[in-house]
Amino acid sequence: MASSAQSGGSSGGPAVPTVQRGIVKMVLSGCAIIVRGQPRGGPPPERQINLSNIRAGNLARRAAATQPEAKDTPDEPWAFPAREFLRKKLIGKEVCFTIENKTPQGREYGMIYLGKDTNGENIAESLVAEGLATRREGMRANNPEQNRLSECEEQAKAAKKGMWSEGNGSHTVRDLKYTIENPRHFVDSHHQKPVNAIIEHVRDGSVVRALLLPDYYLVTVMLSGIKCPTFRREADGSETPEPFAAEAKFFTESRLLQRDVQIILESCHNQNILGTILHPNGNITELLLKEGFARCVDWSIAVYTRGAEKLRAAERFAKERRLRIWRDYVAPTANLDQKDKQFVAKVMQVLNADAIVVKLNSGDYKTIHLSSIRPPRLEGENTQDKNKKLRPLYDIPYMFEAREFLRKKLIGKKVNVTVDYIRPASPATETVPAFSERTCATVTIGGINIAEALVSKGLATVIRYRQDDDQRSSHYDELLAAEARAIKNGKGLHSKKEVPIHRVADISGDTQKAKQFLPFLQRAGRSEAVVEYVFSGSRLKLYLPKETCLITFLLAGIECPRGARNLPGLVQEGEPFSEEATLFTKELVLQREVEVEVESMDKAGNFIGWLHIDGANLSVLLVEHALSKVHFTAERSSYYKSLLSAEEAAKQKKEKVWAHYEEQPVEVTPVLEEKERSASYKPVFVTEITDDLHFYVQDVETGTQLEKLMENMRNDIASHPPVEGSYAPRRGEFCIAKFVDGEWYRARVEKVESPAKVHVFYIDYGNREILPSTRLGTLPPAFSTRVLPAQATEYAFAFIQVPQDEDARTDAVDSVVRDIQNTQCLLNVEHLSAGCPHVTLQFADSKGDVGLGLVKEGLVMVEVRKEKQFQKVITEYLNAQESAKSARLNLWRYGDFRADDADEFGYSR
């Protein structure tokens, strides 16, 4: 252990005791110390040395916990001053000593000198001279050392020093307090002011026993914010040190044991006190971390009063250098390049309350999860209606508020991203779904940590980790502090108020609700909305905050490339530039606040209109960037000129949808279109008449293709018949349906009331039917609409008004059914409308106009149109109407009713 030296003596003289050296580790009492050697590759050896020939008082001892009847033993008078005299003189100092006597039990007695040789101060003599120890009784002064002790004692008595002073020395007996009744109150009463103390024992590197002065409280102090390796107590009572536990303990002992220190009492944990020990040479907490002897602990770092960031920085210093407990440490982002660890990106979408999609400078998209936070979630038993689909954004308390906070703060803004860790992909278990690899990062904007802001508002919680889990936010302590503030102030998730409820009606695809809502939106003019989802370049899902509803919105006035679609049994490829159009719309409007003008709606309950973002019309922008073409329906719009000029400019650039555009020579047709009606009749076969006097036809030219497809399809079904009941119909899907004639036809599912009531539309014939799902099957891919499009096309009669009176309309429909259903006719498209094209229909043999015939019979009224090219035919229709009126036919049997009560009957002149 200690370095030793052999004193040489004259030959033949008495043996001189060996002089040994060591450093004083601890003073046990006024007459016993522990010395240690120099550390070499680990904690050094130790030995206890008792002073020969003198006796000092015994210090207080606490009764053993295993002996309930035993009592605490107090200090003997002058015992503590003697201990303090030695402590202040010797702790950490080098001494030399000689062993004079060793008992059979191994107890060693000898002389101790301050310094490197026996010429130094004799400690025993100093104690006796101060009156803090006495010579042992019965000890005769028969050698020089004992003579000097005797002289010192006489001098002390004469000077009335120490125990020789007047009185019984009771004032030197400490009133030791081993327990504190209310540790919390005790800690708070010191108001985090430094308390003088002596470190009496070091249990491990981060736990000590301290004597608080001047009131002599003996308390266990755990260093706030850190934990060192410990000594595990085994079943047999022995202790097994964790790696570096002994080294950490020695590090603390060699600097603090029996030193005068100051302790800041910061909190309490059971009977133990959390605190920071201050020594003139530094802060042991930070030193332990910096040397790799300790790690930060989350549960107590929050109470550390000198800045948690200092502890994290010290720990980071040791990690980077792989010191001691961090010798095998690998940083969570060790495999990332610097450019992938820190970068600036633009926020494109908020996925959830803890995830965003950003666009990198390279143009790539990347999903970033906010480190160490958890979004709001449903707690306890799920009270959600099992028949109702869960909509997390609206049904989970505070999820909507959290998403909105992020959306308003981040969308379209540039943020700083610092990657903290990569969470690897995890497979699914019985209770937890599978997760793909996640990049977790700290995201800041304008110096504000977004995760911290979210947590401080009570819109997210902080994830708790295992102590050895290093995959966490680089600002984890700030997150914990923010959560503590949110809990204290009762913010968001921590509020005791009723949770906010968001009753958001989703009327996407609900035709009935959409019809009721349409007039309201039309009257509203421009309405505020938030784009929740982008299906394609021109199809979006909007949230209307004032109306608290979700709608599907189609951009008016343009024809945008259709995207890929998943159909039963096959994937329908998207049109060229459909993905580019979708991406353009996403980048421009996704999760942005926009204004919409609703003009109309389609059959499926989708609203059609104009969308404005920052004053710009999205339809015009798509056309301008050659990602859409102008649709004829835009003619009636006030934006038609803007659309045409944008399209013309795009055509000239010959990009994207206009890449193969060839400028056509100017034709006379557009001019004639206004002055002369174009008549180009084609043969069709009428297959179905609807109750509102629309009709479905098949093109005669493609009739043979349909017959061949039907024949092949039925042969295929006959050889591979569908298993009855195996098909689960879904709205919008194409399928095969067995008609009343026992044959299979192509169909589309329009509505599913129940397995016994499925509404289907026969796509090649135009008729509808309600069937049980047992009479439906999956449409084989070889006979899909991609192979042969749906053959039934819907049309309406041009130039006539269908009677709104039910009986009158039934008469008109019956007449048409009698005349043209299942017959071949000639069809000419006259004009287009939002619903379906309006046409004139002629009998194939007589070339008579079917619509004109209805007018002549008084079954319908004429729809007067102002276009010049239609004036000739309109005049013919009006003359026929006058003839029917004169003859009092059908509608006109009571005369011209329009003058007084046309509105009542649903007609307009």
Side-chain angles (χ1 to χ4, degrees), residues 192 202-208 220-231 242-245 247-249 251-252 255-256 263-270 272-279 282-334 371-373 418-421 423 440-442 449 451-452 455 461-485:
Q192 295 185 347
V202 176
R203 192 178 82 189
D204 60 49
S206 56
V207 181
V208 301
T220 298
V221 177
M222 306 169 74
L223 293 178
S224 300
I226 69 165
K227 186 177 187 297
C228 289
T230 59
F231 297 82
E242 294 177 351
F244 298 101
E247 291 87 339
K249 180 180 178 182
F251 186 87
T252 302
R255 287 159 176 78
L256 295 187
I263 302 178
I264 298 174
L265 307 180
E266 292 164 332
S267 185
C268 63
H269 178 69
N270 299 330
N272 302 325
I273 287 172
L274 290 166
T276 299
I277 299 174
L278 304 178
H279 187 276
N283 182 337
I284 193 70
T285 306
E286 293 174 16
L287 276 173
L288 283 164
L289 285 169
K290 202 167 184 180
E291 292 296 327
F293 284 122
R295 67 173 75 243
C296 293
V297 289
D298 306 325
W299 68 270
S300 67
I301 201 168
V303 303
Y304 182 72
T305 53
R306 303 178 77 80
E309 66 280 356
K310 290 184 179 178
L311 299 190
R312 296 289 184 191
E315 184 185 55
R316 197 157 50 245
F317 178 88
K319 284 178 176 177
E320 288 169 358
R321 288 158 182 77
R322 297 188 179 182
L323 299 177
R324 299 184 176 91
I325 66 172
W326 305 112
R327 60 189 172 183
D328 299 322
Y329 174 74
V330 178
T333 56
S371 299
S372 299
I373 68 166
T418 304
V419 177
D420 294 321
Y421 56 95
R423 182 176 292 171
C440 299
T442 297
N449 182 343
E452 186 182 347
V455 170
T461 53
V462 182
I463 297 171
R464 297 312 194 265
Y465 295 97
R466 292 194 322 271
Q467 199 51 57
D468 60 347
D469 189 350
D470 200 45
Q471 293 205 331
R472 60 180 67 190
S473 169
S474 52
H475 294 76
Y476 190 68
D477 301 314
E478 288 95 319
L479 296 182
L480 289 174
E483 185 176 55
R485 291 196 302 273

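- Within the 3.5 Å criterion, the main-chain N or O of I301 finds no donor-acceptor partner in the side chain of S224.
- Here L265 contributes atom CG and Q192 contributes atom CD; the two are 9.0 Å apart, rounded to the nearest 0.5 Å.
- In this structure, E478 does not pair ionically with R312, as no charged nitrogen and carboxylate oxygen lie closer than 4.0 Å.
- Contact record, L288 with C228: CD1-SG, 4.0 Å, taken as the closest heavy-atom pair.
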Working note: F317 + L289, criterion side-chain contact (heavy atoms from CB on, under 4.5 Å); need CA distance, chi angles, decisive distance, verdict. CA-CA 8 Å; F317 178 88; L289 285 169; over 6 Å; no
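- For the pair D204 (side chain) and P229 (backbone), a donor-acceptor distance under 3.5 Å is absent.
- Between H269 and W299, the ring-plane angle classifies as tilted under the 30° and 60° cut-offs.
- Nearest approach of E291 to R324, heavy atoms of both residues: O-NH1, 2.6 Å.
- Taking CZ of R316 as the start and CZ of R321 as the end, the distance is 11.0 Å to the nearest 0.5 Å.
- In this structure, CG on L287 lies 9.5 Å from OG1 on T252, to the nearest 0.5 angstrom.
- The cationic atom of R423 (NZ for Lys, CZ for Arg) does not lie both less than 6.0 Å from the six-membered ring centre of Y421 and within 45° of the ring axis.
- Taking the charged nitrogens against the carboxylate oxygens, K290 and E286 have no contact shorter than 4.0 Å, which rules out a salt bridge.
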May I have the step-by-step check of side-chain contact (heavy atoms from CB on, under 4.5 Å) for D477 and E309, ending in yes or no? CA-CA 8 Å; D477 301 314; E309 66 280 356; over 6 Å; no
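- Atom-to-atom distance recorded for L278:CG and L256:CG is 10.5 Å, nearest 0.5 angstrom.
- A distance of 9.5 Å separates OG1 of T285 from CZ of R306, quoted to the nearest 0.5 Å.
- There is a side-chain donor-acceptor pair under 3.5 Å between Y329 and D470.
- Residue R203 places its CZ atom among 12 or fewer non-hydrogen atoms of other residues, nucleotides or ligands, all under 6.0 Å distant.
- Interatomic distance, D298 CG to R464 CZ, rounded to the nearest 0.5 Å: 8.0 Å.
- The two atoms that bring F251 and F293 nearest to each other are CD1-CE1, 3.4 Å, heavy atoms only.
- Contact between D420 and S474 at its shortest, heavy atoms only, is OD1-OG, 2.9 Å.
- Using a distance-only test at 3.5 Å, with no hydrogens or angles considered, a donor-acceptor pair links the side chain of E266 to the main chain of T305.
- The shortest heavy-atom contact between S300 and G225 is OG-N, 2.8 Å.
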